[in-house]
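Sequential numbering from 1 along the given sequence is applied to the chain's residues.
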Amino acid sequence: MKILLMKLELRAEWVHSLKEKRMVVLSLTKRLSNKFNVSVSEVQYQDIHQQIGIGICAVATSKDVLSALQEKILDFVEDNTDAELIKIEGDITEF
């Protein structure tokens with residue numbers, strides 16, 4: 001069993017309240033979860049308006065499948081949010 005773990009950090013300069021940020025994060029996490037069947041959660045910067053930290057996890061039998069999924073997720077995030085993707089951390093491990 002192979003496991004994909006990703007952490008994405010985004011910056012949303014136009015966000016001026018936690019309510020606005022929550023709408024951006026909720027929209028992005030729900031769409032990622034629905035489209036790619038992955039576990040997604042806001043894992044960092046919960047109290048900072050313009051910073052977003054999202055954790056993503058997926059399980060598969062092949063490292064190649066997870067590598068392709070990682071690329072699709074990154075493309076999706078870049079195409080479907082106005083927030084700037086500033087940091088990407090990802091790892092595929094075996095369990």
Interatomic distance, CG@Leu32 vs CD1@Ile54, rounded to 0.5 Å, equals 6.5 Å
Would a 4.5 Å heavy-atom cut-off, applied to side chains only, mark Val38 and Leu69 as touching? yes
Is a salt bridge present between Arg22 and Glu20, judged by a nitrogen-to-oxygen distance below 4.0 Å? no
Going from CG on Leu85 to CG on Leu74, what distance comes out if it is rounded to the nearest 0.5 angstrom? 6.5 Å
To the nearest 0.5 Å, how far apart are CD in Glu13 and CG in Asp82? 12.5 Å
Could you tell me if the side chain of Leu10 sits less than 4.5 Å from the side chain of Val77, heavy atoms only? yes
Side chain to side chain donor-acceptor pair (under 3.5 Å): which pairs involve residues 33-50, sequence neighbours left out? Lys7-Gln44, Glu9-Tyr45, Lys21-Glu42
With the side chain counted from C-beta on, respond yes when Thr61 and Lys2 share a heavy-atom pair under 4.5 Å apart, and no when they do not. no
If hydrophobic clusters are built by linking Ile, Leu, Val, Met, Phe, Trp and Tyr wherever their side-chain heavy atoms come under 4.5 Å apart, do Val40 and Leu26 end up in the same one? no
Identify the two heavy atoms, one from Leu66 and one from Val59, that lie closest to each other, and give their separation to 0.1 Å. CD2-C, 4.3 Å
Are Trp14 and Leu18 joined in one hydrophobic group, where the rule is that I, L, V, M, F, W and Y side chains link up if heavy atoms are under 4.5 Å apart? no
Does any non-hydrogen side-chain atom of Ile3 lie less than 4.5 Å from one of Ile92? no
Checking Asn80 now: which residues fulfil side-chain contact (heavy atoms from CB on, under 4.5 Å) with it, not counting sequence neighbours? Arg31, Phe76
Do Ile86 and Gln51 come close enough that some side-chain heavy atom pair is under 4.5 Å? yes
Using side-chain heavy atoms (C-beta onward) and a distance below 4.5 Å, is Gln70 in contact with Met6? yes
Looking only at atom types and distance, does a side-chain atom of Thr29 sit under 3.5 Å from a main-chain N or O of Val25, one as donor and one as acceptor? yes
Do Leu4 and Ile56 make a side-chain contact, defined as non-hydrogen atoms from C-beta onward lying under 4.5 Å apart? no
